[in-house]
Number of protein chains: 2
Amino acid sequence: MTLAYDSIEESVVTAILAGRLRPGTRLGEAKLAEIYGVSRTRVREAMMRLEARGIVHVSARRGWFIVEPSATEARAAFQARRLIEAGMLRALDHVPADAIAHLYAHVQEERRALDAGQVGSRTCLLGDFHIHLAHAFGNPFLTDILRDLTARTTLVSMLYQSDQHAAESSDDHDRIVALLAAGDFAGAATLMDEHIRRVEDGLDLAVARDPLAGLREILSPGAPAVSTAFPNAAISNAGGEET
Amino acid sequence: MTLAYDSIEESVVTAILAGRLRPGTRLGEAKLAEIYGVSRTRVREAMMRLEARGIVHVSARRGWFIVEPSATEARAAFQARRLIEAGMLRALDHVPADAIAHLYAHVQEERRALDAGQVGSRTCLLGDFHIHLAHAFGNPFLTDILRDLTARTTLVSMLYQSDQHAAESSDDHDRIVALLAAGDFAGAATLMDEHIRRVEDGLDLAVARDPLAGLREILSPGAPAVSTAFPNAAISNAGGEET
DNA sequence: CTGATCAATCTTGTATACAAGATTGGTACG
DNA sequence: CGTACCAATCTTGTATACAAGATTGATCAG
C-alpha cells in the first residue's frame with residue numbers, strides 16, 4: 001500500500017497504548033522493514049514522524065527507541081492532559097445522546113475486561129476512553145494531541161508504576177459519563193481533573209529513575225530463578241496501566 | 001551539520017509565523033534541497049515531520065504544500081488555542097518577576113514594530129507573545145503544541161483575513177501581562193479567552209473559501225494593471241496577521 | 001585470570017538511481 | 001478556431017549502495 005509509514009506509525013502508537021511496547025524498547029530499522037515488507041526508507045519516514053510527535057527518539061547511529069519520560073516530563077504530560085481534558089469538558093454545552101451511549105458502552109467494555117482479568121485489553125480500553133471522549137468533543141486537533149499525550153502517560157505508567165487502580169479508574173470514567181449525561185459539565189471537568197491527578201499521584205515520581213531498575217530488581221537476592229523459555233518476551237503485555 | 005532537517009523544519013515554521021509563507025505555497029523538494037545544500041532525503045525527512053505536525057501536507061506526486069485550513073479547521077484551531085491558553089493561565093499560581101519583565105519587554109517590542117509600521121516583524125511578534133507565554137508556563141509539551149497551533153492560526157489569518165486590529169491585540173497582550181503581574185490569573189484567563197475569540201471573530205469564516213479568490217480579485221475588472229517586476233514575490237510579507 | 005586493544009560485524013546516516021504519476025506544451029484533426 | 005491527443009519534462013515515491021560510527025567478541029599482554 002502507499003501509506004506504509006502511516007501503518008507503521010499507527011502500529012507503534014497502538015502497541016504503546018495497549019502496553020505491548022515498553023519505554024526504552026529499541027526499534028531497529030531493518031527489523032521493522034522486514035516486518036512490514038518495505039525498505040528502510042519508509043521505516044525511517046515513520047520514525048521521523050513519530051519523533052516529531054514525541055513518541056520515539058533517535059540516538060545517533062545507535063537506533064530508535066521508545067521514549068522514556070523523565071519524572072519532570074511525566075508531570076508535564078499529566079498536567080497537559082489535565083488541562084486539556086478538563087478544559088474540553090468545561091467547554092461543552094451539549095452532548096448528543098448517541099455519544100453518551102457510545103461512552104457508556106465503552107465503560108461497560110472496560111468492566112468486562114476488568115472482570116475477566118484481561119490486562120492487555122484493559123490497559124488499552126482505559127486509555128482509549130479518554131481518546132473517545134476527545135473524539136466526542138469533535139475537535140480533531142485536540143483529539144490528535146490527546147492521543148499522543150495519552151501514549152506518553154501510558155509509557156510513564158509503565159516506568160513509574162507503583163499502584164494501579166484499574167477498577168477505580170473505570171469507576172471514575174463511569175461517573176464522568178454520568179455527569180455528562182446529566183448536563184453537569186463543570187462537575188465532569190472537576191472530576192476529570194481529580195481523576196487524572198489520582199492516576200498521577202498513584203505513581204512513584206519522587207524516586208529518581210534508575211535505568212537499571214528493571215534488571216536490578218530481577219537480579220536482586222531472593223528473586224526467583226527464571227525458568228520460562230522466554231525470559232523477556234517482547235510481544236506479551238508489559239504491565240503498564242493507563243487511566 | 002547533522003541536524004539539517006531540524007533546520008529546515010524550524011525555518012518553515014518560523015517563516016509561517018512571520019507571515020512570509022502563505023497557505024498553499026508549494027515546497028519543492030529539489031528547491032529546498034538546493035537552498036539548504038543537502039539531498040532530497042533530508043528535505044523529505046523534514047517534510048514528513050512537518051506533516052506529522054500538521055504544518056504541511058503532501059499531494060501525491062504533486063508536491064508538498066503549506067496547509068490551507070478550511071473554515072471548520074480554522075474554528076477548531078482557535079478553539080484549541082483558547083482552551084489551552086486560558087487553561088494555562090487559570091492553572092497558574094505564581095509568575096516570577098523576571099518572567100513578567102520579559103513579557104512586558106515583548107509587548108513593548110510589539111508597540112515599537114506597530115508604531116514603525118513594520119508589518120513583518122509585527123506579525124511575528126504578535127504570534128510570538130503567545131509562545132513566550134506558553135514558555136513562561138514551563139510545560140514544554142504545551143509550548144510545542146501551542147507553537148504548532150499558532151502557526152496554523154497564523155495561516156488561517158492569512159486566508160480569511162478581514163480586519164486585523166494589530167493595535168488592539170497588543171493592548172490585550174499588555175492587559176493580560178498586567179493581570180498576571182497583579183496575580184489575577186482567573187482574570188487573565190478570561191481576558192485571554194476573549195482576546196483569542198476577538199481575533200477569530202475578526203475573520204471572515206462564514207464565506208465559503210474560494211481557491212481562486214486571490215487570482216479572481218487580482219483579475220477583477222477595474223483592478224490596476226500589474227507593473228512591478230516581481231508580481232508575486234514569494235519572499236516578501238504575505239499580509240497575514242496574528243493575534 | 002583480568003583488562004585493554006583491535007578487528008569483524010552490525011546499524012544508522014546520506015546520497016543517488018530509477019520508476020511512475022502529473023503537468024505542460026505542441027500538434028494534428030475536426 | 002477549438003479540442004483532443006500525445007510526447008517531453010518535471011516531480012515525487014521507493015529502493016539500494018555506500019560511508020561512518022557503535023557494538024561486540026576475540027586475542028594478547030601483564
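Computation of the quantities below employed the complete heavy-atom set of this structure, encompassing side-chain atoms and omitting hydrogens, waters and symmetry-equivalent molecules. Chain identifiers are assigned alphabetically (A, B, ...) following the order of the sequence lines, protein sequences preceding nucleic acid strands; residue numbering begins at 1 within each chain.
A residue-by-residue look at B:A60 and A:R40 shows that B:A60 has its nearest nucleotide of DNA chain D further toward the 5' end.
The pair A:E200-A:R81 does not meet the salt-bridge criterion, since no charged nitrogen lies less than 4.0 angstrom from a carboxylate oxygen.
Across the protein-nucleic acid pair, A:R42 atom CZ and D:dG13 atom P stand 10 Å apart, rounded to whole Å. For A:E29 and D:dG21, the CD to C1' distance is 14 Å, given to the nearest whole Å. Taking atom OH of B:Y36 as the reference point, atom P of C:dA15 lies 15 Å away to the nearest angstrom. Between B:F65 atom CZ and C:dA22 atom C1' there is a gap of 11 Å when expressed in whole angstrom units. Rounded to an integer number of Å, the gap from CD of B:E34 to C1' of D:dT11 is 15 Å. Atom pair A:E45:CD and D:dT14:P shows a separation of 7 Å (rounding to whole Å applied). Atom pair B:R61:CZ and D:dG13:P shows a separation of 7 Å (rounding to whole Å applied). Computed from coordinates, the B:R44 CZ to C:dG13 C1' distance equals 16 Å when rounded to whole Å.
Among A:L159, A:I55, A:L155, the single residue meeting the side chain to side chain contact (heavy atoms under 4.5 Å, CB included) criterion with A:V67 is A:L155. With B:E45 as the partner, the side chain to side chain contact (heavy atoms under 4.5 Å, CB included) test is satisfied by one option alone out of A:E51, A:M48, A:R49: A:M48.
Remark: B:R42 fails to qualify as a cation-pi partner of B:Y36 under the 6.0 Å distance and 45° angle criteria applied to the six-membered ring.
The side chain of A:T41 places no N or O atom within less than 4.0 Å of a non-bridging phosphate oxygen (OP1 or OP2) of D:dT14.
When each of C:dT16, D:dA15, D:dA22 is scored by its nearest atom to the side-chain atoms of A:R62, the top-ranked nucleotide is D:dA22.
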